[in-house]
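In this text, all values refer to a predicted model and were calculated from it rather than measured experimentally. The chains referred to below are lettered A, B, ... by the order of the sequence lines, with proteins before strands, and numbering in each begins at 1.
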Amino acid sequence: MKIGYPCVNESLDCTTTSTFRLASYSDERVELAVSNNLRCLLRILQWNVERHFLFFRVGSGVVPFGSHPINTYPWQTRFAAQFREVGDFVKAHDMRISFHPDQFVVLNSHNEDIVERSIQELVYQGSMLDLMGLDSTHKLQIHVGGLYGDREVAIARFIATYERLPEAVRARLVIENDDRLFSLQDCLRVHRAVGIPILFDNFHQECLNHGEPMAEALRLAAATWHPTHDGVMMMDYSSQAHGERKGKHTASIEEDLFRAFVQELGDLDVDIMLEIKDKEASAGRACGILRDVGRLAASLPAAQ
DNA sequence: ATGAGTCAAGGTGAA
DNA sequence: TTCACCTTGACTCAT
């Protein structure tokens, strides 16, 4: 079991998201930003290893305009060594990383331009994993997409697009149950059609479900991951922010809820991404709870 | 130097 | 029909 947090480290003064405006695009700025972003990515991973956070979600902006036609800078070759260095570090420490392309990636859009741009974004993010030399257990996570008033047609269109994705993307793509439109059961239908694994989100499951008990839902999702090709199931963990709109993530982990959730896990092996606002602070508390119940090694690795 | 407004991109649903 | 919300910082420009 690995614990992680998404995209941003709040303890370090180093980010993987330095960027600039499209209007001020230049090759020089791409060069500068990617150089900074990869340096910080490695630094964050090093920081994480020291605290036994072995799971990390990398943000979409490591390469500014990475899938935009304006960006013709050969970052793949210019930064090949730096990407490889990150990948080597991940492998050396038995870490796992993932990407979560944002809401603009919609594979089931009825607009072919949007589908094509979405595929290009997935190709860009998948190519970073290729450059790192990381295999298909490191994932690209997206939602099924829009509903467009007809669930059946929307799911069919997702499947049709999935089947024509480049292999480098398809091998790594996973779908996540969402909180309003496509439930775990919808994702299972897509899985049965094309074999895509389901990244389970416990909070979305609480928001949108068909009455399955949490323990059963977890096992249904886990069974969609091929042990060697996909690795153990990845999941997102969060809980409701009190007094806020339904679906809003909590600012800080609620330890009692997390303990109860760990009980639902039983002996299931999963890697957990904590989608909680205070990032690594809550990840540390989650690790503490998992050590208490014997699901993580009792002590941190030897001091750096 | 600082604060406010803005940033490539889609879709949903409330107002 | 418009706008806030996904999530959030970081950039950009006006002051």
Side-chain angles (χ1 to χ4, degrees), chain A residues 5-26 28-30 32-37 39-41 44 57-73 98-125 140-151 153-155 157-158 161 175-183 186 199 201 203-204 207-208 236-241 243-252 273-282:
Chain A
Y5 59 94
C7 306
V8 173
N9 178 296
E10 297 184 324
S11 309
L12 293 171
D13 183 24
C14 207
T15 79
T16 66
T17 54
S18 69
T19 185
F20 48 86
R21 297 291 190 256
L22 180 60
S24 56
Y25 178 92
S26 72
E28 290 71 25
R29 296 196 71 159
V30 175
L32 208 59
V34 176
S35 175
N36 175 77
N37 292 342
R39 181 177 56 81
C40 284
L41 176 55
I44 290 169
R57 180 186 298 164
V58 183
S60 301
V62 170
V63 181
F65 309 101
S67 69
H68 191 288
I70 197 173
N71 187 346
T72 56
Y73 181 80
S98 63
F99 289 83
H100 192 345
D102 59 28
Q103 69 269 34
F104 307 110
V105 170
V106 185
L107 291 185
N108 73 346
S109 173
H110 50 255
N111 178 333
E112 185 54 35
D113 287 342
I114 292 168
V115 174
E116 189 49 42
R117 287 201 297 275
S118 297
I119 293 172
Q120 288 313 308
E121 179 67 16
L122 292 173
V123 166
Y124 147 58
Q125 300 203 21
L140 308 174
Q141 146 188 12
I142 62 171
H143 295 284
V144 175
L147 207 48
Y148 309 102
D150 189 327
R151 185 175 307 273
V153 173
I155 288 176
R157 205 184 298 112
F158 180 94
T161 304
I175 46 173
E176 174 189 351
N177 57 307
D178 70 69
D179 60 344
R180 294 179 306 141
L181 305 179
F182 293 97
S183 67
D186 293 320
L199 189 148
D201 187 309
F203 185 31
H204 293 167
C207 295
L208 178 67
D236 289 347
Y237 177 87
S238 191
S239 58
Q240 177 67 42
E244 298 274 2
R245 172 191 58 77
K246 180 185 175 190
K248 174 102 173 160
H249 291 186
T250 185
S252 181
M273 182 65 61
L274 292 160
E275 286 196 319
I276 294 178
K277 201 169 168 53
D278 66 1
K279 308 284 177 185
E280 68 269 21
S282 285

Open item on the list: Under the rule for salt bridge (Lys or Arg N to Asp or Glu O under 4.0 Å), what residues qualify as partners of D178(A), not counting sequence neighbours?
Closed with: none
Task: Whole-angstrom distance between dA10(C) and dG11(B), as gauged at atom C1' - done: 25 Å
Task: Partners meeting salt bridge (Lys or Arg N to Asp or Glu O under 4.0 Å) with R151(A) (sequence neighbours left out) - done: D186(A)
Task: Residues which pass ring-ring contact (aromatic ring centres under 6.0 Å, His included) with Y148(A), listed by chain and number, not counting sequence neighbours - done: H110(A)
Open item on the list: Is it the case that the side chains of D102(A) and S60(A) hold a donor-acceptor pair, with the cut-off being a distance below 3.5 Å and no angle test?
Closed with: no
Task: Any residue meeting ring-ring contact (aromatic ring centres under 6.0 Å, His included) with Y237(A), in chain and number order, not counting sequence neighbours - done: F258(A), F261(A)
Open item on the list: Let's see if you get this right: which residues in residues 60-71 of chain A place a heavy atom under 4.0 Å from DNA chain B?
Closed with: F65(A), S67(A), H68(A)
Open item on the list: Can a donor-acceptor pair be found, under 3.5 Å and without considering hydrogens, that links the side chain of Y124(A) to the backbone of V63(A)?
Closed with: yes
Open item on the list: Return a single string for nucleotides 10-15 of chain B, one symbol per nucleotide in 5' to 3' order, where B is base contact, S is sugar-phosphate-only contact and - is none, cutoff 4.0 angstrom on heavy atoms.
Closed with: BSSS--
TODO: Under the ring-ring contact (aromatic ring centres under 6.0 Å, His included) rule, collect the residues that match up with Y73(A), sequence neighbours excluded.
DONE: none
- [ ] Can you run through DNA chain C from 5' to 3' and write each base as (, ), [, ], | or . depending on how it pairs? Watson-Crick or G-U wobble, both distances under 3.5 Å.
- [x] ||||||..|||||||
Task: Separation of atom CG in L274(A) from atom C1' in dT7(C), rounded to whole Å - done: 17 Å
Task: Non-hydrogen atoms of C40(A) and T16(A) that approach each other most closely - done: C-CG2, 4.2 Å
TODO: Keeping the roles fixed (side chain from N37(A), backbone from S18(A)), state whether a donor-acceptor pair exists under 3.5 Å.
DONE: yes
- [ ] Determine the Euclidean distance between corresponding P atoms of dT8(C) and dA1(B); express it in Å to zero decimal places.
- [x] 30 Å
Task: salt bridge (Lys or Arg N to Asp or Glu O under 4.0 Å): pairs with one or both residues in residues 106-115 of chain A, sequence neighbours excluded - done: E112(A)-R164(A)
Task: Under the salt bridge (Lys or Arg N to Asp or Glu O under 4.0 Å) test, residues paired with D201(A) that sit two or more places apart - done: none
Task: Listed partners of I114(A) passing side-chain contact (heavy atoms from CB on, under 4.5 Å), at least two apart - done: V106(A), S109(A), N111(A), R117(A), S118(A)
- [ ] For dT7(C) and dA4(B), measure between their P atoms and round to the nearest Å.
- [x] 25 Å
- [ ] Would you check if the side chain of N108(A) reaches a backbone N or O of G146(A) as a donor-acceptor pair within less than 3.5 Å?
- [x] yes
TODO: Report, as a single string ordered 5' to 3', how protein heavy atoms within less than 4.0 Å touch nucleotides 8-15 of chain C: B base, S sugar-phosphate only, - not at all.
DONE: S-BBS---
TODO: Could you work out the separation of dC11(C) and dA8(B) based on their C1' atoms and round it to a whole Å?
DONE: 14 Å
